[in-house]
Protein chains: 2
Amino acid sequence: MGQPSTRDTILDAAQRIAAERGAGRITLDEVAKESGLSKGGLLYHFAGKEALIKAMLERLIERSSVVREEHASSLVGKPHATLRAMLATRNRDDVLDPHVAMAILAAAAEQPTLLDPLRQHIAHMREQIIAESGDHPAFWLLWAAADGLLFQQLLGVEPYLPEQRDAMHQQLQLLAEGMLK
Amino acid sequence: MGQPSTRDTILDAAQRIAAERGAGRITLDEVAKESGLSKGGLLYHFAGKEALIKAMLERLIERSSVVREEHASSLVGKPHATLRAMLATRNRDDVLDPHVAMAILAAAAEQPTLLDPLRQHIAHMREQIIAESGDHPAFWLLWAAADGLLFQQLLGVEPYLPEQRDAMHQQLQLLAEGMLK
DNA sequence: GATACTATACCAACTGGACGGTATAGTAAA
DNA sequence: TTTACTATACCGTCCAGTTGGTATAGTATC
């Protein structure tokens, strides 16, 4: 593996700030300092703050796709591979730091179009699942449950105990097995 | 019914701004103007912006509680009344405007303790459900699915089609009926 | 019933800091 | 000569919060 591109260095820095100091601390000045660049250098790579956040989101989507597709490829032959892979990899927080997710959420609150790349990705996955498994409401309900567990964790509003978290995801997969069979 | 208190007038104004102009437009100046008060007058009633948002959240919680308890009381005798009521009233957006929810989410991104009233409310509902129905992971999974549908709607990241939304909620309640028996 | 005082509910103007973005001049490497 | 920066200074705007004051209503006192 070669050294990361400057772009990635910047995105790493932005993520580090979000994770360690909170979503609200992602300012151009701070990101520049954290990435060891000047502000001018930072703005050379990203047209503005919005572009920076959008790039963070896009990288996140790509990475989670890689993880999911990796998992899906281990399920070859079995039915509902994409759906299963989604449910199985949704809770891996090595790919989505809560603080980073909150940073994107906060930005999306003021700029809804920012989530467009995500919406596109979702539409794509929807198509893939339909092609693989058909279009049944139960599938979307499983998806919603997975999203629910994720959002509850992100916002710290789980009704269950923290140590139950993994059990909840297992439970969901168990339920899915039953429904998909 | 008497005229609303100034506090409520202010909270109404803030919600209106969020709903009509977007979450990012809730500034003290705008809320003051919209509520027909001066900024000083506004700050007489709320110690600061955080207090204002917190009050919005608290009023939202209270209102949704009223709706839910109303529904629950129509289920007297039947088992799992609270859980059923939660699932049945979760999708009523007359009580939670998406933009208002986003405003609170955005604020929570920078000030996580802001959601504490919500966390307390959740803990309370958890206890109530456990007392009524016991502590079974399946219950929390139903809750997660309801939250998932809600968050997907708030963020506009539903995998299903918009016109399927109500059907999804019905589907969830159907599933719940099966699980709760 | 006039006077003094207090609490409540505001208003208008201002301050100060944060922050996104721009500008400029220069450097180093390929 | 283009690409990829550094360094620094600066601008404009937004916006939370402060300050010092006013109007009104009520209460207590003499």
Side-chain angles (χ1 to χ4, degrees), chain A residues 2-18 20-57 99-100 102-114, chain B residues 2-18 20-57 99-100 102-114:
Chain A
Q3 53 205 327
S5 69
T6 305
R7 261 183 83 95
D8 275 318
T9 305
I10 293 169
L11 293 176
D12 289 341
Q15 287 203 4
R16 229 175 303 132
I17 289 173
E20 291 167 11
R21 275 176 265 174
R25 301 295 292 276
I26 301 189
T27 68
L28 295 184
D29 289 286
E30 297 245 355
V31 173
K33 201 189 296 178
E34 177 77 22
S35 57
L37 283 165
S38 71
K39 194 174 176 179
L42 167 62
L43 285 164
Y44 177 81
H45 288 279
F46 296 97
K49 190 180 183 178
E50 201 187 317
L52 174 67
I53 307 254
K54 193 175 167 192
M56 283 176 71
L57 173 59
H99 290 283
V100 174
M102 285 305 286
I104 291 168
L105 239 57
E110 312 194 6
Q111 193 45 232
T113 59
L114 202 132
Chain B
Q3 52 207 326
S5 68
T6 306
R7 261 183 81 97
D8 275 319
T9 305
I10 292 169
L11 293 175
D12 288 341
Q15 286 202 6
R16 230 176 303 132
I17 289 173
E20 290 167 13
R21 276 175 264 175
R25 301 293 292 276
I26 299 190
T27 67
L28 295 184
D29 288 287
E30 298 248 354
V31 173
K33 202 189 296 177
E34 177 77 23
S35 57
L37 280 169
S38 73
K39 195 175 185 174
L42 167 61
L43 284 164
Y44 174 80
H45 289 279
F46 297 96
K49 190 180 184 178
E50 201 188 317
L52 174 67
I53 307 254
K54 196 176 164 191
M56 285 177 69
L57 174 60
H99 289 284
V100 174
M102 284 305 286
I104 291 168
L105 241 56
E110 311 195 5
Q111 194 44 232
T113 59
L114 202 131

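Atom set for the values below is all heavy atoms of this structure, side chains included, hydrogens, waters and symmetry mates excluded.
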Only one of A:I17, A:I104, A:V100 passes side-chain contact (heavy atoms from CB on, under 4.5 Å) with A:I26, and that residue is A:I17
Exercise. Kindly check if the number of other-residue, nucleotide or ligand heavy atoms within 6.0 Å of NE2 (A:H99) is above 12?
Key: no
Report yes if a side-chain nitrogen or oxygen of A:T6 is closer than 4.0 Å to either non-bridging phosphate oxygen (OP1 or OP2) of D:dA4; otherwise report no. no
Heavy atoms, side chains only, cut-off 4.5 Å: are A:R16 and A:D12 in contact?
yes
Q. Does any non-hydrogen side-chain atom of A:L105 lie less than 4.5 Å from one of A:M102?
A. yes
With B for base contact, S for sugar-phosphate-only contact and - for none (protein heavy atoms under 4.0 Å), nucleotides 18-24 of chain C reads -SBBB--
Separation of D:dT3 atom P from A:H45 atom NE2, nearest Å, is 13 Å
Does a side-chain heavy-atom distance below 4.5 Å link B:L11 with B:F46? yes
When rounded to whole Å, the NZ to C1' distance for the pair B:K33 and C:dA12 reads 14 Å
Of the listed C:dC10, D:dA4, D:dA7, the closest approach to the A:Y44 side chain comes from D:dA4
* **B:R21 and B:E34: CA distance, side-chain angles, deciding distance, salt bridge (Lys or Arg N to Asp or Glu O under 4.0 Å) verdict** => CA-CA 12 Å; B:R21 276 175 264 175; B:E34 177 77 23; 2.7 Å; yes
Taken to the nearest whole Å, CG/A:L37 to P/C:dA28 is 17 Å
